[in-house]
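Quick notes on the structure that follows.
Positions are given from 1, in the same order as the sequence printed here. Worth saying up front: this structure is predicted, and the values here are computed from it rather than measured.
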Amino acid sequence: MRTRSSAGAVWGLLALLGVLLTGCQSPSAGVEEDGRLGGPASGTAGAGSAPVTRPSGYGAVFLAVDECSSFGTTSFTEVPCAGERAAARVVARHDGTVRDGPRCPATTDFVLHISEQRPASDEDGDGAVPQGYACMRNLQPPHPGDPGGGGGPRTIVGDCVYSSGDGQVRETACEGKGEREPEYEVTEAVTERTDCPASTALYVRLGGDRPVGCARPL
């Protein structure tokens, strides 16, 4: 069993190396790997960016399910969920990439992408951090991943979007407090476009078992 001091030294080294993350949600940007948003013609999605996350060595597995990350706009660290620095909780954690791995839960607020780190040596051989991603849910509102919230890595029924040009759409808050006013609301998720109601004016790519979102004009 390693002592706290030795663990701190190991994870301190990892903190210097850093864990590169991409794909953090924003109210106006999609995440192509998750198939968030798509226009009626191209079905393409926008690109996102993410803050950098650095491992702190608090848990046996970096950002495992039910563990928490700290506040931050440029970096996140793993912290006790009961602590005052805790900002978001891991609701799902997967190895590999978002493109190849399971989808995050529908109401995920943002995704942390974790690059692989394998230190040359440590005292017990368990200091490696495999490539993966953590699906995060804020501990306190706002929750952009909720229906109509204007963000999150997935578009779901109840979300609103606007046309960004070139056959693409982006998500925005339905209440109209985002940078762009909502133009369409996703009212249903179906398997085929022909299953959408007659009021549908836009098809949004959702992915999953019901990959087509039927959106009505607002």
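Although no hydrogens or angles enter the test, the distance criterion places no donor-acceptor pair under 3.5 Å between the side chain of Gln168 and the main chain of Gly165. One N or O on the side chain of Asp109 and one on the backbone of Gly145 form a donor-acceptor pair closer than 3.5 Å. Side-chain atoms of Glu171 never come within 3.5 Å of backbone atoms of Asp159 as a donor-acceptor pair (strictly under, hydrogens ignored).
When the side-chain contact (heavy atoms from CB on, under 4.5 Å) test is applied to Pro182, the partners found at least two apart in sequence or on another chain are Cys160, Thr172, Leu218. With sequence neighbours excluded, the residues that form a side-chain hydrogen bond (donor to acceptor under 3.5 Å, both in side chains) with Arg216 are Glu185.
The heavy-atom pair separating Arg93 from Phe62 by the smallest distance is NH2-O, 3.1 Å. Residues Thr200 and Cys214 approach most closely at OG1-CB, 3.5 Å, considering heavy atoms. Between Pro153 and Thr108, the closest heavy-atom pair is CD-O, 3.0 Å. Contact record, Arg210 with Thr191: CG-CG2, 4.2 Å, taken as the closest heavy-atom pair. The two residues Thr107 and Pro147 make their nearest non-hydrogen contact at CG2-CD, 4.5 Å. A pairwise comparison of heavy atoms in Val79 and Arg85 identifies CG1-NH1, 3.7 Å as the closest pair.
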Full working for side chain to side chain donor-acceptor pair (under 3.5 Å) between Asn138 and His143 = CA-CA 6 Å; Asn138 294 330; His143 293 290; 4.7 Å; no
Begin from the C-alpha positions of Thr155 and Val186 and carry the test side chain to side chain contact (heavy atoms under 4.5 Å, CB included) through to its verdict.
-> CA-CA 9 Å; Thr155 298; Val186 180; 4.2 Å; yes
Please walk me through it: do Ser163 and Glu183 pass side chain to side chain contact (heavy atoms under 4.5 Å, CB included)?
-> CA-CA 7 Å; Ser163 175; Glu183 297 177 355; 3.6 Å; yes
Audit row: Asp195, Val212, side chain to side chain contact (heavy atoms under 4.5 Å, CB included) steps and yes/no = CA-CA 9 Å; Asp195 297 329; Val212 179; over 6 Å; no
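Proximity of Cys104 to Tyr133: side-chain heavy atoms (C-beta onward) are separated by under 4.5 Å at one or more points. Side-chain contact between Pro80 and Cys68 is absent, with no heavy-atom pair separated by less than 4.5 Å. The side-chain heavy atoms of Asp66 and Cys81, taken from C-beta on, include no pair separated by under 4.5 Å. Between Tyr162 and Arg170, some side-chain heavy-atom pair lies under the 4.5 Å cut-off. In this structure, the side chains of Thr187 and Val157 stay at 4.5 Å or more apart for every pair of heavy atoms. Between Val111 and Val98, the closest side-chain pair of non-hydrogen atoms falls below 4.5 Å. Using a 4.5 Å cut-off on side-chain heavy atoms (C-beta onward), Val91 and Cys135 make contact. Looking at heavy atoms from C-beta onward, Met136 lies in side-chain contact with Val90 at the 4.5 angstrom threshold.
Distance check: Arg89 CZ to Ser69 OG gives 10.5 Å after rounding to the nearest 0.5 Å. A distance of 11.5 Å separates CZ of Phe71 from OG1 of Thr77, quoted to the nearest 0.5 Å.
Under the 4.5 Å side-chain heavy-atom criterion for grouping Ile, Leu, Val, Met, Phe, Trp and Tyr, Val190 is connected to Tyr203 within one hydrophobic cluster. In this structure, Ile156 is not a member of the same hydrophobic cluster as Val204, with clusters built from ILVMFWY side-chain heavy atoms closer than 4.5 Å.
Enclosure of atom CG in Asp100 by more than 12 non-hydrogen atoms of other residues, nucleotides or ligands within 6.0 angstrom is indicated.
By the 4.0 Å N-to-carboxylate-O rule, Arg137 lies close enough to Asp146 to be salt-bridged with it.
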